[in-house]
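In what follows, a single structure is set out as structure tokens and then discussed.
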Amino acid sequence: MMPGVTSSLNRRALLRGAFVGAGAVLAAGAVGRAGADPLGLGQLLAAGSQTVTLRVVGTATLTVDAPATACEPTPLLFTGTRTVRLVVAGTDRVYLRCVDFALTAQHPDLGAVALGLPGRAQSPDSVLTKDADGRLVETWLQSFALTVGDGASTLATAEPGQWTAHHTRYPPPEVTAEPDGTTSGGAVYTLAAPIRLGAPDDPGTSYGVLEDFHPRQGLSA
């Protein structure tokens, strides 16, 4: 075989080997990323996106001074569910996208009080990550509308409520509630600051506040 042809064939073989090698590195990298489980979420992370429904139980103090509705500070027992879709974001965090949120309580004077997603507005994503000690920590961010009675009065969060919870596993285990309102199991979510409530078209104007709301959340029984 002529020397020039031999050199050309050798160069082609080297190029083919380089491309095959690069492909192998990319494939191995992809497998490594897919197989990584830095938060210990196992199948939830492997699935890439998973919907989880959590039971929510907790007492909160509601104060309202709206044009059509008013009440002095009153403790209310809220129960309901929060449904989130897990969205993997990189290797160190998972976003929890709220797709449904519905809590109810019974006020002694105003009747039913309901918390739900705020119409067209979206609630910001919550975040699940690890703290400096390696523990799973969740920052729960929640916008909601508060409806009193038959809907004659509706308020909305001026800013999203923010809670923090530490988990030994996610989703948190089953939460139970007794008839007297005592709860156990699940994970406790600590509210960072009182939640101001305003008119839906002007949430910056304060007509009420929801505070002392540190509910438990966990899988349903």
Side-chain angles (χ1 to χ4, degrees), residues 40-42 44 50-64 69 71-86 94 96-118 123-128 135-151 153-157 160-197 208-221:
L41 299 184
L44 291 178
Q50 179 79 22
T51 299
V52 175
T53 296
L54 302 172
R55 186 183 185 191
V56 183
V57 183
T59 301
T61 300
L62 175 65
T63 306
V64 178
T69 307
C71 72
E72 296 296 320
T74 307
L76 303 176
L77 176 62
F78 283 94
T79 62
T81 57
R82 169 189 174 221
T83 300
V84 297
R85 179 174 293 115
L86 280 72
V94 171
L96 307 176
R97 188 157 298 160
C98 186
V99 296
D100 192 33
F101 180 66
L103 306 184
T104 58
Q106 193 67 27
H107 193 282
D109 299 321
L110 303 178
V113 177
L115 309 183
L117 289 177
S123 185
D125 290 345
S126 303
V127 181
L128 185 65
R135 299 177 301 171
L136 278 176
V137 59
E138 177 185 349
T139 301
W140 173 29
L141 301 174
Q142 188 70 54
S143 299
F144 58 82
L146 182 147
T147 303
V148 177
D150 59 0
S153 180
T154 299
L155 301 176
T157 48
Q162 179 174 326
W163 294 258
T164 301
H166 289 89
H167 302 290
T168 56
R169 74 183 202 197
Y170 193 91
E174 178 183 315
V175 60
T176 59
E178 302 299 330
D180 63 359
T182 58
T183 58
S184 61
V188 176
Y189 286 70
T190 303
L191 182 64
I195 303 170
R196 295 190 303 114
L197 303 169
V209 63
L210 190 73
E211 55 191 333
D212 304 324
F213 189 30
H214 310 296
R216 289 183 183 269
Q217 294 189 43
L219 296 174
S220 298

Fill in: Heavy-atom closest contact (Gln106 atom, Ala112 atom, distance)
NE2-N, 3.7 Å

Response to the item:
CG of Leu136 to NE2 of His166, rounded to nearest 0.5 Å, is 9.5 Å

Worksheet item: Rounded to the nearest 0.5 Å, how far apart are CG of Leu96 and CD of Gln50?
Response: 12.0 Å

Please table the atom pairs, donor to acceptor, closer than 3.5 Å between any side-chain atom in residues 54-62 and protein atoms at least two apart or in another chain.
unit_1, atom_1, unit_2, atom_2, d
Arg55, NH1, Val175, O, 3.4

Discussion item. Within the 3.5 Å criterion, strictly below it, is a donor on Thr190 or Thr164 matched to an acceptor on the partner's side chain?
Written reply: no

Worksheet, complete the sentence: dist Tyr189:OH -> His167:NE2 (nearest 0.5 Å) comes out at 3.5 Å

Discussion item. Give me the atom names and distance for the closest heavy-atom approach of Val188 to His214.
Written reply: CG1-O, 4.2 Å

Fill in: Inter-residue atom distance Asp125.CG - Arg97.CZ, 0.5 Å rounding
4.0 Å

Item to complete: Please assess Leu86 against Tyr170 for the test side chain to side chain contact (heavy atoms under 4.5 Å, CB included), listing each intermediate value before the final yes or no.
Response: CA-CA 11 Å; Leu86 280 72; Tyr170 193 91; 4.3 Å; yes

Worksheet item: Does the side chain of Thr74 reach to within under 4.5 Å of the side chain of Pro108, using non-hydrogen atoms?
Response: yes

Worksheet item: Counting distance only, does the side-chain N/O of Trp163 pair as donor-acceptor with the main-chain N or O of Pro215 below 3.5 Å?
Response: no

Worksheet item: Is a side-chain N or O of Arg82 found less than 3.5 angstrom from the main chain of Cys98, in a donor-acceptor match?
Response: no

Worksheet item: Are any side-chain N or O atoms of Ser143 and backbone N or O atoms of Ser123, one a donor and one an acceptor, separated by less than 3.5 Å?
Response: no

Worksheet entry | Rounded distance (nearest 0.5 Å) linking atom OG1 of Thr182 with atom CG of Leu77 | 10.0 Å

Worksheet item: Of all heavy-atom pairs between Phe78 and Leu115, which one has the smallest distance, and what is that distance?
Response: CE2-CG, 3.8 Å

Worksheet item: Where does the angle between the aromatic ring planes of Phe101 and Phe144 fall among parallel (under 30°), tilted (30 to 60°) and perpendicular (over 60°)?
Response: tilted

Worksheet item: Nearest 0.5 Å, what's the CG-CG distance between Leu146 and Leu103?
Response: 10.0 Å

Worksheet entry | Donor-acceptor pair, side chain of Thr157 and main chain of Leu197, under 3.5 angstrom | no

Worksheet item: Would a 4.5 Å heavy-atom cut-off, applied to side chains only, mark Leu117 and Gln142 as touching?
Response: yes

Worksheet, complete the sentence: Note: Asp109 and His107 closest approach over all heavy atoms is N-ND1, 3.0 Å

Response to the item:
In short, Glu138 meets Ser126 closest at the heavy-atom pair OE2-CB, 4.5 Å

Worksheet entry | Heavy-atom check, side chain of Val148 versus side chain of Leu155, under 4.5 Å | no

